[in-house]
Student: 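Questions regarding the structure given below will be posed in turn.
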Amino acid sequence: MTLYELLHKVSFDELIPTLKGVYDVKDIYSYREAFDELMLNEAAGQTDGVIELSRDEDDENWIHVTGCDDCWSEVLASRIQIEDGLSFSDAELASRILWEMTYWGFSEDETPSFMERPDNRYRRKWSEVHSRQMVMYARGRKEKRECFRGAMSWDICKRIWEREERRNRAKRMRDARMDRAMARLDRMSNVEECIKDLLRICPELGSGELEYLFDTKIVHETRFRQHKGDVKYSPATLQTLIKDYSDVPEGEYGSIILVLFSNSRENVSEETVSAIRDIFITGRTLKRAVLRVSEYANMKSGDIILKVVHSKDDDTQSRRVTHGKGKRGGKSRTGKRMSRKWLTRSK
């Protein structure tokens, strides 16, 4: 039996118990999107591909699934081979293969997140602070040079880590300050990339509408994708993905940005826009709520994507403005602004 034949024998809802019970999956909607894409895909012709399921040598409870790394049309045409002694229902077998296929992404044209390296002012500053933190434990010109390179040799890394383990209290406190600075810069970098992505898919927004994200406490990004169906298969709608397979609407948020986009505005009906508004905005007390429909050419024809960015404001910002006389308000005991020169000063 091939994977194509197996998937056409089961429904997606039959796969959910294994996805949750074996793999502890939370974002079920992403697997539904991948399942829909596979159901709309055609299997390649004759292929030598084999999907193998076998026990792990060290842990018999773990099942290895191999042979799912080719393009999805090739994998759909692959035969399924199960190790002797193992037995799975069709639904369990399909869910295990689906989980392995989506390990690096939930669409064949999706770029794995670990390959996406943000390049912005906050990420560059993070790299600078991190290099300065490492160079404090480097000895000699060669080691110090490597700290500012993109990668360090294993031997130098090991020596630096050993010295770091022997640091005194003053150095631990200094490192803790720098760790906090890097955490802040990392967050700001992620927000910057979020804003760039929103402006890329919907230039009508304008950067001024999105600047508030830098001052929020928590920012969450989610994407829902409705595939274009055909006469043989009807994929899940955005409403179904959100209501039946996602817990995003149940979360607490004070502000939200919703962007519906497709290769043509005509693909996004007024009924869909109204349903999305009812799910995320209607009946809630929100500080900010933005809903836009945009046309984005660089995507699969007929598909509709909803990008959701919801956030909670950082209340400590307002408290610092009101009660900013003391140390927590950003002032020193002398009333002068506390210095952050250690972020830019060479040690």
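Side-chain atoms are counted along with the backbone in the values below, which use heavy atoms only and exclude waters and symmetry mates.
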Student: Just verifying a value: how many Å separate Tyr29 OH and Tyr245 OH, rounded to the nearest 0.5 Å?
Tutor: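 If we round to the nearest 0.5 Å, Tyr29:OH and Tyr245:OH are 14.5 Å apart.
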Student: In terms of relative ring orientation, are Phe35 and Phe12 parallel, tilted or perpendicular, with 30° and 60° separating the classes?
Tutor: tilted
Student: Please determine if Asp24 and Lys26 form a salt bridge, counting it only when a charged side-chain N lies under 4.0 Å from a carboxylate O.
Tutor: yes
Student: Hydrophobic cluster membership, with links at side-chain heavy-atom distances under 4.5 Å among I/L/V/M/F/W/Y: are Val50 and Leu76 in one?
Tutor: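 No, no single cluster joins them.
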Student: How close do Ser262 and Asn267 get, counting heavy atoms only, and between which atoms?
Tutor: OG-ND2, 2.8 Å
Student: Pairing donors with acceptors under 3.5 angstrom, does anything connect the side chains of Asp36 and His227?
Tutor: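 Their side chains do not contain a donor-acceptor pair, so the 3.5 Å distance test is not met.
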Student: Tyr233 and Leu7: same hydrophobic cluster, using ILVMFWY side-chain contacts below 4.5 Å?
Tutor: yes
Student: Roughly how far, to the nearest 0.5 Å, is OG of Ser95 from CD1 of Ile16?
Tutor: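 Going from the CD1 atom of Ile16 to the OG atom of Ser95 covers 10.5 Å.
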Student: What I'd like to find out is whether the side chain of Cys71 reaches to under 4.5 Å of the side chain of Glu108, using heavy atoms alone.
Tutor: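 Touching, per the 4.5 Å side-chain cut-off.
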Student: Do Glu204 and Arg265 sit within salt-bridge range, that is, some charged N less than 4.0 Å from a carboxylate O?
Tutor: yes
Student: Hey, are Arg96 and Glu92 close enough for a salt bridge, meaning a charged N less than 4.0 Å from a carboxylate O?
Tutor: yes
Student: Using the six-membered ring wherever Trp is involved, compare the ring planes of His8 and Tyr4 and label them parallel, tilted or perpendicular (cut-offs 30° and 60°).
Tutor: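 It falls in the tilted class, 30° to 60°.
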Student: Considering residues, nucleotides and ligands other than Phe214, do more than 12 of their heavy atoms fall under 6.0 Å from its CZ?
Tutor: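 Counting other residues, nucleotides and ligands, CZ of Phe214 exceeds 12 neighbours.
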Student: Nearest 0.5 Å please: distance from the SG atom of Cys68 over to the CG atom of Leu3.
Tutor: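 It comes to 7.5 Å.
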Student: Is it true that Arg288 and Asp313 make a salt bridge, defined as a side-chain N closer than 4.0 Å to a carboxylate O?
Tutor: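 Salt bridge flag = yes for Asp313 with Arg288.
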Student: Looking only at side chains, do Glu193 and Asn120 share a donor and an acceptor under 3.5 Å apart?
Tutor: yes
Student: Taking NZ, NE, NH1 and NH2 as the nitrogens, is one of them in Arg223 or Asp197 under 4.0 Å from a carboxylate oxygen of the other?
Tutor: yes
Student: Are Asp119 and Arg123 ion-paired here, with the side-chain N under 4.0 Å from a carboxylate O?
Tutor: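 No, no charged N to carboxylate O under 4.0 Å.
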Student: Where do Pro249 and Ile242 come nearest, in terms of heavy atoms and distance?
Tutor: CG-CG2, 3.3 Å
Student: What I want to check is whether the side chains of Asp69 and Tyr103 have a donor and an acceptor closer together than 3.5 Å.
Tutor: no
Student: Relative to each other, are the rings of Tyr31 and Phe106 parallel, tilted or perpendicular (30° and 60° limits)?
Tutor: perpendicular
Student: For atom NZ of Lys20, decide whether the heavy atoms of other residues, nucleotides or ligands shown that lie under 6.0 angstrom number more than 12.
Tutor: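 Incorrect, the count does not exceed 12.
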Student: Can Glu37 and Arg32 be counted as an ion pair, charged N to O under 4.0 angstrom?
Tutor: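 Here Glu37 does not pair with Arg32 in a salt bridge, since their nearest N and O are not under 4.0 Å apart.
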Student: Decide whether Arg132 and Ser127 meet the rule of one side-chain donor and one side-chain acceptor closer than 3.5 Å.
Tutor: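 Side chains of Arg132 and Ser127: no pair found under 3.5 Å.
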Student: CD/Gln226 to OG1/Thr237 distance, rounded to the nearest 0.5 angstrom?
Tutor: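 The OG1 atom of Thr237 is 5.5 Å from CD of Gln226, to the nearest 0.5 Å.
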Student: Are there over 12 heavy-atom neighbours, none belonging to Lys300, within less than 6.0 Å of that residue's NZ?
Tutor: yes
Student: Are Asn190 and Tyr122 linked by a side-chain donor-acceptor pair shorter than 3.5 Å?
Tutor: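 Tyr122 and Asn190 do not have a side-chain donor-acceptor pair below 3.5 Å.
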Student: Just by distance, no angles: are the side chains of Asp244 and Thr240 close enough, under 3.5 Å, to form a donor-acceptor pair?
Tutor: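 No, because no side-chain N or O of Asp244 sits under 3.5 Å from a partner of the opposite role on Thr240.
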Student: Would you mind checking if Lys9 and Asp90 are paired as a salt bridge, meaning a charged N to carboxylate O distance below 4.0 Å?
Tutor: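 Counted as a salt bridge, because a side-chain N and a carboxylate O are separated by less than 4.0 Å.
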Student: Evaluate the ring planes of Phe224 and Phe280, with Trp represented by its six-membered ring, and classify them as parallel (under 30°), tilted (30 to 60°) or perpendicular (over 60°).
Tutor: tilted
Student: Nearest 0.5 Å, please: how far is CE in Met136 from CE in Met178?
Tutor: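 Spacing of CE (Met178) from CE (Met136) equals 4.0 Å.
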Student: More than 12 non-hydrogen atoms from neighbouring residues, nucleotides or ligands closer than 6.0 Å to CE on Met1, yes or no?
Tutor: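 Correct, the count exceeds 12.
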Student: For residues Leu53 and Phe88, report the shortest heavy-atom separation together with the two atoms involved.
Tutor: CD2-CE1, 3.9 Å
Student: Regarding Glu162 and Arg159, does a basic nitrogen lie under 4.0 Å from an acidic carboxylate oxygen?
Tutor: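 Between Arg159 and Glu162 there is no salt bridge, as every charged N stays at least 4.0 Å from the carboxylate O atoms.
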